[in-house]
Amino acid sequence: MASRARRVARQCALLEQAMCPSSEPVQVDEQITAKVHELKSGHIEAATRAAEFLYRRAHASHLRSEENKRQIRSEGAIPHLCDMLSARCGEARYQACSCLSELAFRDELNSLLIVNVPGALDAMIQLMMSSDMQEDAALIVGNCAAFSEEAVETMVHHAGLVAALKVAATSAEAGTKGIAVGAINCFSRFGFASDTLIAERVVEEALLPLLRRQDEKEEEEGGQPDAVELRAALAVANLTGLSRESFGSAAQFQRAVTTAVSILEGALDGRSWEGISFSAYSILFPLRNMALAARNREALVEAGLLELLARVVGAWRELPHKGGAALVLAVEAAGLLSGRCDWQQRLRQADAIPLLRALSDHAAAHPEAAEAAGPAGELVRLLEEGHVAVCMAQHGRLGAGSGLGLLDESLTQMVLAFTIGGRFAPPAAPSQS
(Lines give C-alpha, C1' and ligand atoms only; values in the text may rest on other atoms or scores of the structure.)
Protein backbone atom coordinates (compact mmCIF):
# COMPACT_ATOMS: atom_id res chain seq x y z
CA MET A 1 0.00 0.00 0.00
CA ALA A 2 2.85 2.37 0.87
CA SER A 3 4.58 1.75 -2.47
CA ARG A 4 1.28 2.40 -4.27
CA ALA A 5 0.93 5.72 -2.41
CA ARG A 6 4.49 6.68 -3.34
CA ARG A 7 3.83 5.92 -7.01
CA VAL A 8 0.64 8.00 -6.99
CA ALA A 9 2.46 10.91 -5.34
CA ARG A 10 5.26 10.72 -7.90
CA GLN A 11 2.77 10.53 -10.76
CA CYS A 12 1.00 13.65 -9.51
CA ALA A 13 4.32 15.50 -9.23
CA LEU A 14 5.37 14.47 -12.74
CA LEU A 15 2.00 15.43 -14.21
CA GLU A 16 2.25 18.85 -12.60
CA GLN A 17 5.72 19.22 -14.07
CA ALA A 18 4.53 18.08 -17.51
CA MET A 19 1.61 20.51 -17.61
CA CYS A 20 3.60 23.54 -16.45
CA PRO A 21 5.70 25.56 -18.89
CA SER A 22 9.31 24.48 -18.76
CA SER A 23 11.59 26.61 -16.57
CA GLU A 24 14.60 25.48 -18.60
CA PRO A 25 15.85 28.02 -21.14
CA VAL A 26 14.73 26.84 -24.58
CA GLN A 27 15.40 28.43 -27.93
CA VAL A 28 11.87 28.74 -29.32
CA ASP A 29 11.31 27.44 -32.84
CA GLU A 30 8.80 29.84 -34.36
CA GLN A 31 7.74 27.28 -36.95
CA ILE A 32 6.73 24.87 -34.17
CA THR A 33 4.71 27.63 -32.51
CA ALA A 34 2.93 28.37 -35.79
CA LYS A 35 2.13 24.69 -36.40
CA VAL A 36 0.82 24.21 -32.85
CA HIS A 37 -1.49 27.16 -33.55
CA GLU A 38 -2.70 25.39 -36.72
CA LEU A 39 -3.20 22.20 -34.71
CA LYS A 40 -5.54 24.09 -32.39
CA SER A 41 -7.38 25.84 -35.24
CA GLY A 42 -10.16 23.25 -35.59
CA HIS A 43 -9.54 22.83 -39.33
CA ILE A 44 -8.80 19.13 -39.80
CA GLU A 45 -6.69 19.50 -42.96
CA ALA A 46 -4.47 22.17 -41.37
CA ALA A 47 -4.23 20.15 -38.15
CA THR A 48 -3.21 17.05 -40.12
CA ARG A 49 -0.42 18.94 -41.89
CA ALA A 50 0.67 20.42 -38.57
CA ALA A 51 0.83 16.98 -36.92
CA GLU A 52 3.04 15.71 -39.75
CA PHE A 53 5.36 18.70 -39.34
CA LEU A 54 5.57 18.26 -35.57
CA TYR A 55 6.36 14.56 -36.04
CA ARG A 56 9.38 15.46 -38.15
CA ARG A 57 10.54 18.04 -35.59
CA ALA A 58 10.14 15.55 -32.73
CA HIS A 59 11.81 12.63 -34.50
CA ALA A 60 14.90 11.22 -32.81
CA SER A 61 16.94 11.93 -35.94
CA HIS A 62 16.39 15.69 -35.58
CA LEU A 63 19.33 17.50 -34.00
CA ARG A 64 17.02 19.40 -31.62
CA SER A 65 14.62 16.54 -30.98
CA GLU A 66 14.73 16.81 -27.18
CA GLU A 67 14.24 20.59 -27.14
CA ASN A 68 11.51 20.38 -29.78
CA LYS A 69 9.58 17.78 -27.77
CA ARG A 70 9.74 20.00 -24.72
CA GLN A 71 8.47 23.00 -26.70
CA ILE A 72 5.65 21.00 -28.31
CA ARG A 73 4.55 19.81 -24.87
CA SER A 74 4.79 23.22 -23.21
CA GLU A 75 2.76 24.89 -25.97
CA GLY A 76 -0.12 22.50 -25.35
CA ALA A 77 -0.07 20.36 -28.50
CA ILE A 78 -0.46 16.94 -26.87
CA PRO A 79 -4.17 17.14 -25.88
CA HIS A 80 -5.08 18.27 -29.40
CA LEU A 81 -3.09 15.43 -30.96
CA CYS A 82 -4.90 12.98 -28.66
CA ASP A 83 -8.26 14.42 -29.78
CA MET A 84 -7.24 13.71 -33.39
CA LEU A 85 -7.05 9.98 -32.63
CA SER A 86 -10.85 9.95 -32.85
CA ALA A 87 -11.07 12.06 -36.02
CA ARG A 88 -13.19 10.79 -38.92
CA CYS A 89 -10.33 11.46 -41.32
CA GLY A 90 -8.00 8.45 -41.53
CA GLU A 91 -4.99 10.58 -42.50
CA ALA A 92 -5.54 12.78 -39.43
CA ARG A 93 -5.62 9.72 -37.16
CA TYR A 94 -2.47 8.35 -38.77
CA GLN A 95 -0.49 11.59 -38.41
CA ALA A 96 -1.64 11.97 -34.80
CA CYS A 97 -0.49 8.42 -34.01
CA SER A 98 2.90 9.03 -35.62
CA CYS A 99 3.44 12.30 -33.78
CA LEU A 100 2.34 11.01 -30.38
CA SER A 101 4.48 7.87 -30.57
CA GLU A 102 7.51 10.02 -31.42
CA LEU A 103 6.75 12.51 -28.63
CA ALA A 104 6.62 9.60 -26.16
CA PHE A 105 9.91 8.07 -27.34
CA ARG A 106 12.60 8.57 -24.66
CA ASP A 107 10.46 11.21 -22.92
CA GLU A 108 8.97 10.35 -19.53
CA LEU A 109 6.90 13.51 -19.13
CA ASN A 110 5.35 13.31 -22.59
CA SER A 111 4.53 9.63 -22.08
CA LEU A 112 2.76 10.29 -18.80
CA LEU A 113 0.89 13.29 -20.17
CA ILE A 114 -0.37 11.39 -23.23
CA VAL A 115 -1.97 8.57 -21.24
CA ASN A 116 -3.65 11.03 -18.89
CA VAL A 117 -5.38 13.11 -21.57
CA PRO A 118 -9.12 12.35 -21.15
CA GLY A 119 -10.29 9.98 -23.88
CA ALA A 120 -6.83 9.25 -25.27
CA LEU A 121 -6.57 5.65 -24.04
CA ASP A 122 -10.13 4.87 -25.18
CA ALA A 123 -9.21 6.12 -28.65
CA MET A 124 -6.07 3.95 -28.71
CA ILE A 125 -8.11 0.92 -27.64
CA GLN A 126 -10.59 1.54 -30.43
CA LEU A 127 -7.78 1.79 -32.99
CA MET A 128 -6.06 -1.38 -31.74
CA MET A 129 -9.30 -3.37 -31.72
CA SER A 130 -10.95 -2.44 -34.96
CA SER A 131 -8.91 -0.51 -37.50
CA ASP A 132 -6.02 -0.77 -39.89
CA MET A 133 -4.04 1.44 -37.50
CA GLN A 134 -3.42 -1.26 -34.89
CA GLU A 135 0.33 -0.96 -35.31
CA ASP A 136 0.33 2.85 -35.08
CA ALA A 137 -1.81 2.91 -31.93
CA ALA A 138 0.15 0.06 -30.33
CA LEU A 139 3.37 2.03 -30.91
CA ILE A 140 2.05 4.91 -28.78
CA VAL A 141 1.24 2.46 -25.98
CA GLY A 142 4.60 0.72 -26.36
CA ASN A 143 6.68 3.90 -26.26
CA CYS A 144 4.73 5.28 -23.28
CA ALA A 145 5.27 1.98 -21.47
CA ALA A 146 8.97 1.85 -22.30
CA PHE A 147 9.75 5.27 -20.87
CA SER A 148 7.36 5.83 -17.97
CA GLU A 149 6.55 3.49 -15.09
CA GLU A 150 3.71 5.82 -14.07
CA ALA A 151 2.25 5.62 -17.58
CA VAL A 152 2.22 1.82 -17.29
CA GLU A 153 0.27 2.04 -14.05
CA THR A 154 -2.33 4.29 -15.67
CA MET A 155 -2.64 2.08 -18.75
CA VAL A 156 -2.74 -1.33 -17.09
CA HIS A 157 -5.65 -0.27 -14.89
CA HIS A 158 -7.61 1.30 -17.77
CA ALA A 159 -10.50 -0.96 -18.73
CA GLY A 160 -9.97 -2.74 -22.03
CA LEU A 161 -6.41 -1.68 -22.76
CA VAL A 162 -4.66 -4.97 -21.92
CA ALA A 163 -7.34 -6.88 -23.87
CA ALA A 164 -6.69 -4.62 -26.89
CA LEU A 165 -2.94 -5.24 -26.62
CA LYS A 166 -3.60 -8.98 -26.57
CA VAL A 167 -5.66 -8.67 -29.76
CA ALA A 168 -2.82 -6.75 -31.41
CA ALA A 169 -0.25 -9.30 -30.16
CA THR A 170 -2.11 -12.09 -31.96
CA SER A 171 -2.46 -10.08 -35.18
CA ALA A 172 -1.51 -11.64 -38.49
CA GLU A 173 0.52 -8.49 -39.26
CA ALA A 174 4.11 -9.00 -38.15
CA GLY A 175 4.70 -5.31 -37.39
CA THR A 176 1.61 -5.00 -35.22
CA LYS A 177 2.42 -8.22 -33.40
CA GLY A 178 5.99 -7.17 -32.68
CA ILE A 179 5.06 -3.77 -31.28
CA ALA A 180 2.23 -5.15 -29.12
CA VAL A 181 4.44 -7.92 -27.71
CA GLY A 182 7.10 -5.29 -26.97
CA ALA A 183 4.54 -3.25 -25.03
CA ILE A 184 3.45 -6.34 -23.08
CA ASN A 185 7.10 -6.99 -22.26
CA CYS A 186 7.40 -3.46 -20.85
CA PHE A 187 4.22 -3.94 -18.76
CA SER A 188 5.46 -7.28 -17.47
CA ARG A 189 8.45 -5.75 -15.65
CA PHE A 190 6.19 -4.18 -13.03
CA GLY A 191 4.63 -6.19 -10.22
CA PHE A 192 1.53 -4.00 -10.17
CA ALA A 193 0.87 -4.92 -13.83
CA SER A 194 1.50 -8.66 -13.64
CA ASP A 195 -1.79 -9.58 -11.97
CA THR A 196 -3.78 -7.89 -14.74
CA LEU A 197 -1.71 -9.51 -17.51
CA ILE A 198 -2.10 -12.95 -15.91
CA ALA A 199 -5.83 -12.44 -15.31
CA GLU A 200 -6.26 -11.54 -18.99
CA ARG A 201 -4.49 -14.84 -19.87
CA VAL A 202 -1.89 -12.98 -21.91
CA VAL A 203 0.70 -15.71 -21.29
CA GLU A 204 -1.47 -18.66 -22.32
CA GLU A 205 -3.36 -17.05 -25.20
CA ALA A 206 -0.77 -14.73 -26.75
CA LEU A 207 2.82 -15.33 -25.63
CA LEU A 208 3.22 -19.11 -25.34
CA PRO A 209 1.44 -19.88 -28.64
CA LEU A 210 3.75 -17.37 -30.32
CA LEU A 211 6.85 -19.04 -28.83
CA ARG A 212 5.75 -22.48 -29.99
CA ARG A 213 4.87 -21.32 -33.50
CA GLN A 214 8.26 -19.63 -33.75
CA ASP A 215 9.91 -22.83 -32.53
CA GLU A 216 8.38 -24.79 -35.39
CA LYS A 217 9.55 -22.13 -37.83
CA GLU A 218 13.10 -22.14 -36.47
CA GLU A 219 13.32 -25.91 -36.54
CA GLU A 220 12.66 -25.62 -40.28
CA GLU A 221 14.86 -22.59 -40.96
CA GLY A 222 17.45 -22.62 -38.16
CA GLY A 223 18.97 -19.48 -36.66
CA GLN A 224 18.44 -17.35 -33.59
CA PRO A 225 15.07 -16.11 -32.31
CA ASP A 226 13.69 -12.93 -33.88
CA ALA A 227 12.74 -9.77 -31.98
CA VAL A 228 9.10 -10.78 -31.51
CA GLU A 229 9.96 -14.18 -30.08
CA LEU A 230 12.66 -12.77 -27.82
CA ARG A 231 10.33 -10.13 -26.36
CA ALA A 232 7.65 -12.76 -25.83
CA ALA A 233 10.18 -14.97 -24.04
CA LEU A 234 11.30 -12.06 -21.83
CA ALA A 235 7.68 -11.26 -20.95
CA VAL A 236 6.99 -14.89 -20.01
CA ALA A 237 10.12 -14.86 -17.85
CA ASN A 238 8.92 -11.69 -16.14
CA LEU A 239 5.43 -13.02 -15.47
CA THR A 240 5.79 -16.72 -14.73
CA GLY A 241 9.43 -17.65 -15.17
CA LEU A 242 10.80 -19.07 -18.41
CA SER A 243 11.68 -22.74 -18.72
CA ARG A 244 12.28 -25.50 -21.23
CA GLU A 245 8.54 -26.28 -21.09
CA SER A 246 7.70 -22.84 -22.52
CA PHE A 247 9.21 -23.92 -25.84
CA GLY A 248 8.75 -26.76 -28.23
CA SER A 249 12.33 -27.99 -27.78
CA ALA A 250 15.32 -27.74 -25.47
CA ALA A 251 17.42 -26.32 -28.32
CA GLN A 252 14.96 -23.46 -28.79
CA PHE A 253 15.07 -22.67 -25.08
CA GLN A 254 18.87 -22.59 -25.06
CA ARG A 255 18.91 -20.33 -28.16
CA ALA A 256 16.54 -17.90 -26.43
CA VAL A 257 18.71 -17.84 -23.29
CA THR A 258 21.92 -17.40 -25.27
CA THR A 259 20.39 -14.57 -27.30
CA ALA A 260 19.13 -12.78 -24.18
CA VAL A 261 22.57 -12.98 -22.58
CA SER A 262 24.25 -11.71 -25.75
CA ILE A 263 21.80 -8.77 -25.82
CA LEU A 264 22.84 -7.93 -22.25
CA GLU A 265 26.45 -7.88 -23.40
CA GLY A 266 25.46 -5.58 -26.27
CA ALA A 267 23.62 -3.27 -23.88
CA LEU A 268 26.76 -3.00 -21.73
CA ASP A 269 28.78 -2.22 -24.86
CA GLY A 270 26.23 0.34 -26.13
CA ARG A 271 25.10 -1.81 -29.07
CA SER A 272 21.54 -2.42 -30.26
CA TRP A 273 20.04 -5.73 -31.37
CA GLU A 274 18.01 -5.90 -34.58
CA GLY A 275 17.59 -2.14 -34.34
CA ILE A 276 16.25 -2.30 -30.75
CA SER A 277 18.19 -0.53 -27.99
CA PHE A 278 17.61 -2.70 -24.92
CA SER A 279 18.74 -1.31 -21.56
CA ALA A 280 20.77 -3.57 -19.28
CA TYR A 281 17.95 -3.35 -16.73
CA SER A 282 15.28 -4.54 -19.18
CA ILE A 283 17.28 -7.70 -19.90
CA LEU A 284 18.51 -8.31 -16.36
CA PHE A 285 14.97 -8.33 -14.97
CA PRO A 286 13.86 -11.48 -16.86
CA LEU A 287 17.29 -13.11 -16.54
CA ARG A 288 17.11 -12.67 -12.75
CA ASN A 289 13.60 -14.14 -12.81
CA MET A 290 14.86 -17.13 -14.75
CA ALA A 291 17.67 -17.63 -12.23
CA LEU A 292 15.07 -18.01 -9.47
CA ALA A 293 14.30 -21.49 -10.88
CA ALA A 294 17.12 -23.97 -10.23
CA ARG A 295 16.37 -25.82 -13.48
CA ASN A 296 17.34 -22.74 -15.52
CA ARG A 297 20.65 -21.92 -13.86
CA GLU A 298 22.98 -24.15 -15.82
CA ALA A 299 21.69 -22.76 -19.13
CA LEU A 300 22.27 -19.21 -17.89
CA VAL A 301 25.82 -19.95 -16.73
CA GLU A 302 26.66 -21.77 -19.96
CA ALA A 303 25.50 -18.72 -21.91
CA GLY A 304 28.07 -16.56 -20.07
CA LEU A 305 25.81 -14.66 -17.69
CA LEU A 306 28.10 -14.77 -14.63
CA GLU A 307 30.87 -12.79 -16.31
CA LEU A 308 28.38 -10.14 -17.46
CA LEU A 309 26.91 -9.82 -13.97
CA ALA A 310 30.39 -8.94 -12.72
CA ARG A 311 30.60 -6.30 -15.46
CA VAL A 312 27.30 -4.76 -14.35
CA VAL A 313 28.56 -4.57 -10.75
CA GLY A 314 31.60 -2.68 -12.00
CA ALA A 315 29.82 -0.38 -14.46
CA TRP A 316 26.37 0.30 -12.97
CA ARG A 317 26.98 4.03 -12.45
CA GLU A 318 27.70 4.49 -16.17
CA LEU A 319 24.54 2.74 -17.38
CA PRO A 320 22.21 5.26 -19.08
CA HIS A 321 18.91 3.83 -17.77
CA LYS A 322 18.12 2.52 -14.26
CA GLY A 323 21.72 1.69 -13.44
CA GLY A 324 21.01 1.33 -9.73
CA ALA A 325 18.10 -1.04 -10.32
CA ALA A 326 20.30 -3.04 -12.72
CA LEU A 327 22.94 -3.33 -9.99
CA VAL A 328 20.45 -4.75 -7.49
CA LEU A 329 19.27 -7.32 -10.04
CA ALA A 330 22.84 -8.27 -10.99
CA VAL A 331 23.91 -8.90 -7.38
CA GLU A 332 20.78 -10.96 -6.71
CA ALA A 333 21.28 -13.02 -9.88
CA ALA A 334 24.95 -13.60 -9.04
CA GLY A 335 23.93 -14.90 -5.63
CA LEU A 336 21.44 -17.29 -7.21
CA LEU A 337 24.11 -18.55 -9.62
CA SER A 338 26.79 -19.18 -6.99
CA GLY A 339 25.64 -22.58 -5.78
CA ARG A 340 28.38 -24.64 -7.43
CA CYS A 341 32.12 -24.50 -6.86
CA ASP A 342 32.90 -24.13 -10.56
CA TRP A 343 30.38 -21.28 -10.86
CA GLN A 344 31.96 -19.54 -7.87
CA GLN A 345 35.31 -19.89 -9.59
CA ARG A 346 33.97 -18.14 -12.70
CA LEU A 347 32.87 -15.21 -10.52
CA ARG A 348 36.31 -15.02 -8.91
CA GLN A 349 38.03 -15.06 -12.29
CA ALA A 350 35.70 -12.23 -13.45
CA ASP A 351 37.12 -10.14 -10.54
CA ALA A 352 33.74 -10.12 -8.83
CA ILE A 353 35.23 -9.99 -5.30
CA PRO A 354 36.83 -6.49 -5.48
CA LEU A 355 33.88 -5.16 -7.50
CA LEU A 356 31.38 -6.39 -4.91
CA ARG A 357 33.48 -5.04 -2.05
CA ALA A 358 33.56 -1.59 -3.66
CA LEU A 359 29.79 -1.24 -3.37
CA SER A 360 30.11 -0.31 0.31
CA ASP A 361 32.12 2.77 -0.78
CA HIS A 362 29.08 4.09 -2.70
CA ALA A 363 26.37 3.08 -0.22
CA ALA A 364 26.17 6.48 1.48
CA ALA A 365 25.57 8.40 -1.76
CA HIS A 366 23.52 5.83 -3.69
CA PRO A 367 20.48 4.07 -2.13
CA GLU A 368 20.72 1.32 -4.75
CA ALA A 369 24.31 0.55 -3.73
CA ALA A 370 23.18 0.43 -0.11
CA GLU A 371 20.42 -2.02 -1.06
CA ALA A 372 22.88 -4.23 -2.93
CA ALA A 373 25.66 -3.99 -0.34
CA GLY A 374 24.16 -6.57 2.05
CA PRO A 375 23.69 -9.35 -0.53
CA ALA A 376 27.05 -8.39 -2.07
CA GLY A 377 28.78 -8.84 1.29
CA GLU A 378 27.20 -12.29 1.72
CA LEU A 379 28.38 -13.27 -1.75
CA VAL A 380 31.91 -12.06 -1.04
CA ARG A 381 32.01 -14.17 2.13
CA LEU A 382 30.94 -17.20 0.12
CA LEU A 383 33.55 -16.57 -2.57
CA GLU A 384 36.28 -16.11 0.05
CA GLU A 385 35.56 -19.30 1.98
CA GLY A 386 38.34 -20.95 0.00
CA HIS A 387 40.76 -18.26 1.15
CA VAL A 388 39.90 -19.01 4.78
CA ALA A 389 40.40 -22.75 4.28
CA VAL A 390 43.83 -22.21 2.70
CA CYS A 391 44.91 -19.86 5.48
CA MET A 392 43.78 -22.33 8.14
CA ALA A 393 45.78 -25.07 6.43
CA GLN A 394 48.90 -22.90 6.77
CA HIS A 395 48.34 -22.30 10.49
CA GLY A 396 50.66 -24.21 12.82
CA ARG A 397 47.89 -25.37 15.17
CA LEU A 398 44.66 -25.16 13.09
CA GLY A 399 46.29 -26.75 10.06
CA ALA A 400 48.13 -29.47 11.91
CA GLY A 401 46.03 -32.18 10.32
CA SER A 402 45.93 -30.67 6.84
CA GLY A 403 47.41 -32.62 3.99
CA LEU A 404 47.93 -29.51 1.85
CA GLY A 405 51.63 -29.35 2.65
CA LEU A 406 52.12 -32.91 1.42
CA LEU A 407 51.05 -32.08 -2.14
CA ASP A 408 53.56 -31.37 -4.87
CA GLU A 409 53.78 -27.88 -6.41
CA SER A 410 51.55 -28.64 -9.40
CA LEU A 411 48.69 -30.05 -7.31
CA THR A 412 49.03 -27.22 -4.79
CA GLN A 413 48.61 -24.66 -7.57
CA MET A 414 45.50 -26.45 -8.80
CA VAL A 415 44.00 -26.41 -5.29
CA LEU A 416 44.80 -22.70 -4.91
CA ALA A 417 43.26 -21.92 -8.29
CA PHE A 418 39.99 -23.60 -7.31
CA THR A 419 39.84 -22.11 -3.83
CA ILE A 420 41.00 -18.51 -4.18
CA GLY A 421 40.67 -17.93 -7.89
CA GLY A 422 44.34 -17.36 -8.59
CA ARG A 423 45.64 -17.38 -12.11
CA PHE A 424 48.75 -19.49 -11.63
CA ALA A 425 51.21 -20.45 -14.29
CA PRO A 426 52.18 -24.12 -14.40
CA PRO A 427 55.47 -24.86 -12.64
CA ALA A 428 58.53 -24.50 -14.81
CA ALA A 429 60.02 -27.72 -16.09
CA PRO A 430 63.30 -28.62 -14.42
CA SER A 431 66.29 -27.40 -16.37
CA GLN A 432 68.27 -29.94 -18.32
CA SER A 433 71.92 -29.54 -17.45
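This one's a predicted model, so the numbers in the text were calculated from it and none came from an experiment.
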List the atom of [X], the atom of [Y], and the distance in Å for their closest heavy-atom pair.
X    : Y    : result
A104 : I114 : CB-CD1, 4.0 Å
A206 : K166 : CB-CG, 4.0 Å
L112 : S148 : CB-OG, 4.1 Å
A137 : M124 : CB-O, 3.9 Å

**Prompt:** Any side-chain heavy atom of L161 within less than 4.5 Å of one from D122?
**Reply:** no

**Item:** E135 side chain reached by E173 side chain, heavy atoms, under 4.5 Å
**Value:** no

**Item:** No-hydrogen, no-angle side-chain donor-acceptor test under 3.5 Å, Q345 and R348
**Value:** yes

**Asked** With the threshold set at 4.0 Å, does a side-chain nitrogen-carboxylate oxygen contact exist between R311 and D269?
**Response** yes

**Item:** Given T196, V181, L165, L197, the one that forms side-chain contact (heavy atoms from CB on, under 4.5 Å) with V202
**Value:** L197

**Fill in**
Tested for side-chain contact (heavy atoms from CB on, under 4.5 Å) against L103, the lone hit among N110, N68, L109 is N110

**Request:** Take N143 and S111 through the test side chain to side chain contact (heavy atoms under 4.5 Å, CB included) and record every step on the way to the result.
**Result:** CA-CA 7 Å; N143 282 352; S111 297; 5.7 Å; no

**Chi angles and distances behind the salt bridge (Lys or Arg N to Asp or Glu O under 4.0 Å) call for R70, D107** = CA-CA 9 Å; R70 191 158 59 241; D107 195 304; over 6 Å; no

**Message:** Using 30° and 60° as the class boundaries, would you call the ring planes of F147 and F105 parallel, tilted or perpendicular?
**Reply:** perpendicular

**Message:** Over 60° means perpendicular and under 30° means parallel, so tell me whether F192 and H157 are parallel, tilted or perpendicular.
**Reply:** tilted

**Prompt:** On the ring face of F187, is R189 found with NZ or CZ under 6.0 Å from the centre and within 45° of the axis?
**Reply:** no

